[in-house]
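One structure is given here, and the rest of the page talks about it.
Bear in mind that the values here come from a model prediction, so they are computed numbers and not experimental data. Count residues from 1 along the sequence.
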Amino acid sequence: MNNETIDHDQLFKELLHQLFAEFMQLFFPEHAAKLDFTTVKFLEQEKFTDFPEGAHRYVDTLVEIKTLSGEPEIILIHAEFQSDRKSGFPLRMFRYFCQIRLRGDTRLFAGVLYLPSAPVGLGWETYSEELFGDEYLLYRFHCISLPKLSAAEYLKTKNPVAYGLAPLMDFENEMSRVELKAVCIVGIGECQNLNEVQSALLFHFLETYLKLTPEEEEEVQKRIVTEEVTPMQIVNPYVLRGELRAMHRT
């Protein structure tokens, strides 16, 4: 896989736009249970000046949503996607928090999804400031590091997003590449609530992040049509690939 040719940001932004509720339910089930997904509103891409350098930076994804608990209140969900892990990123997240928070009296749920490995699979990343040995500031945001997560464990949830992201998780000690792709193709096909665009997007993730040899692809097809994998509904990823192209043209 040549990371230089993959637009990771665009893929993950599209994933959130198409399957936002499922993404939150997969990684933050307790928080997702408190959100009213019928009120989701994707905000226009926010642009900020990255002080002190003055460079313009854009928030990857900013979502406005109401809560279900008590009096419904609006919160913002800020998601960032990083194909590499830079030392200055926590400071940038803190700056985003300050600038977004100062624009309105709305609380912010922030997180980053790392494609490379981070110290924890699902946890917190922090930015802190100290002066004279005292800590004056501690800012935390959620961190998801896909390579640190077990593909097998997340596939058990049967959440459609898990089928798309499993190739980026840790799976080599649990199943072969062929087995993983077969399981994910069948899993996507069995998700009854997916529309064709959503299915095509998830298949595109498989095609992008789990490239197999022609021989391996042939073995995947054999597994799908034999008793090794018994799907309720098979959706052909090669047919649905055209749906994804059509989606980007509109």
Side-chain angles (χ1 to χ4, degrees), residues 9 12-46 48 58-82 89-114 118-129 135-146 148-150 153-166 169 187 191-195 197-198 201-202:
D9 278 359
F12 281 91
K13 287 176 188 176
E14 196 61 52
L15 182 70
L16 275 194
H17 276 75
Q18 293 293 332
L19 294 161
F20 177 69
E22 291 80 1
F23 182 92
M24 292 296 295
Q25 289 160 357
L26 180 65
F27 293 114
F28 307 107
E30 292 185 3
H31 296 85
K34 300 174 183 177
L35 300 176
D36 182 357
F37 290 103
T38 66
T39 66
V40 169
K41 178 183 178 183
F42 288 91
L43 304 182
E44 291 186 10
Q45 193 177 47
E46 294 278 354
F48 301 104
Y58 292 85
V59 167
D60 274 356
T61 301
L62 194 61
V63 182
E64 182 181 277
I65 188 170
K66 291 183 178 180
T67 65
L68 291 169
S69 56
E71 287 295 322
E73 61 176 326
I74 296 175
I75 65 170
L76 296 177
I77 296 179
H78 169 208
E80 290 282 324
F81 309 106
Q82 296 294 306
F89 183 74
L91 172 58
R92 190 198 308 177
M93 285 291 284
F94 174 64
R95 289 174 176 167
Y96 284 154
F97 168 79
C98 292
Q99 294 181 59
I100 294 172
R101 190 70 173 85
L102 289 171
R103 290 190 177 192
D105 189 20
T106 307
R107 286 184 286 181
L108 189 67
F109 178 104
V112 58
L113 187 147
Y114 287 118
V120 296
L122 186 62
W124 295 96
E125 189 136 274
T126 61
Y127 171 73
S128 63
E129 291 184 358
E135 185 176 65
Y136 282 85
L137 172 70
L138 175 63
Y139 171 64
R140 302 195 307 169
F141 55 93
H142 295 279
C143 169
I144 303 170
S145 177
L146 294 177
K148 287 280 189 177
L149 302 179
S150 166
E153 289 301 312
Y154 279 86
L155 288 172
K156 289 178 184 176
T157 66
K158 298 188 182 300
N159 183 306
V161 172
Y163 297 122
L165 298 186
M169 297 179 180
C191 291
Q192 299 295 318
N193 295 327
L194 293 179
N195 60 41
V197 170
Q198 292 168 334
L201 178 62
L202 293 175

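Using a 4.5 Å heavy-atom cutoff, the side chains of Thr61 and Phe12 are not in contact. Counting heavy atoms from C-beta on, the side chains of Tyr127 and Leu138 never come closer than 4.5 Å. Using a 4.5 Å cut-off on side-chain heavy atoms (C-beta onward), Leu202 and Leu194 make contact. Counting only heavy atoms from C-beta outward, the side chains of Ile77 and Leu108 never approach each other to under 4.5 Å. Counting heavy atoms from C-beta outward, Val112 and Gln82 have side chains that approach closer than 4.5 Å. In this structure the side chain of Met24 reaches within 4.5 angstrom of the side chain of Phe37, judged on heavy atoms. Between Met93 and His78, the closest side-chain pair of non-hydrogen atoms falls below 4.5 Å. The shortest distance between side-chain heavy atoms of Thr39 and Ile74 does not fall below 4.5 Å.
Ring orientation note: the planes of His142 and Phe109 are close to parallel, at an angle under 30° on the 30°/60° scale.
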Check against side chain to side chain contact (heavy atoms under 4.5 Å, CB included), Leu76 and Ile100: CA-CA 9 Å; Leu76 296 177; Ile100 294 172; 3.7 Å; yes

Audit row: Glu153, Lys156, side chain to side chain contact (heavy atoms under 4.5 Å, CB included) steps and yes/no: CA-CA 5 Å; Glu153 289 301 312; Lys156 289 178 184 176; 3.1 Å; yes

Candidate pair Tyr154 and Val161, rule side chain to side chain contact (heavy atoms under 4.5 Å, CB included), full reasoning: CA-CA 9 Å; Tyr154 279 86; Val161 172; over 6 Å; no

Worked check of side chain to side chain donor-acceptor pair (under 3.5 Å) between Glu125 and Tyr114: CA-CA 11 Å; Glu125 189 136 274; Tyr114 287 118; 2.4 Å; yes

Stepwise side chain to side chain contact (heavy atoms under 4.5 Å, CB included) test for Phe28 and Leu122: CA-CA 9 Å; Phe28 307 107; Leu122 186 62; 4.2 Å; yes

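Distance check: Arg101 CZ to Thr106 OG1 gives 7.0 Å after rounding to the nearest 0.5 Å. Residue Lys41 holds its NZ atom at 6.0 Å from CG of Leu43, rounded to the nearest 0.5 Å. Atom SG of Cys143 sits about 9.0 Å away from atom CZ of Phe89, to the nearest 0.5 Å.
With sequence neighbours excluded, no residue forms a side chain to side chain contact (heavy atoms under 4.5 Å, CB included) with Leu102. Every residue two or more places apart in sequence or in another chain that forms a salt bridge (Lys or Arg N to Asp or Glu O under 4.0 Å) with Glu73 is listed here: Arg107.
Scanning all heavy atoms of the two residues, the minimum distance from Met169 to Leu149 falls at CB-O, 3.3 Å. Considering every non-hydrogen atom in both Leu155 and Tyr163, the closest pair reads CD2-CD2, 3.5 Å. When all heavy atoms of Leu68 and Leu35 are compared, the pair lying nearest together is CD1-O, 3.3 Å.
The aromatic ring centroids of Tyr139 and Phe94 lie less than 6.0 Å from each other. Annotation: Phe141 is not in aromatic contact with Phe97 [ring centroid separation under 6.0 Å not met].
Of the candidates Leu165, Leu26, Leu113, Ile144 forms a side chain to side chain contact (heavy atoms under 4.5 Å, CB included) with just one, namely Leu113.
Using modelled atom types, one side-chain atom of Asn159 and one backbone atom of Glu22 make a donor-acceptor pair closer than 3.5 Å. A distance-only check finds a donor-acceptor pair linking the side chain of Gln198 to the backbone of Asn195 [under 3.5 Å].
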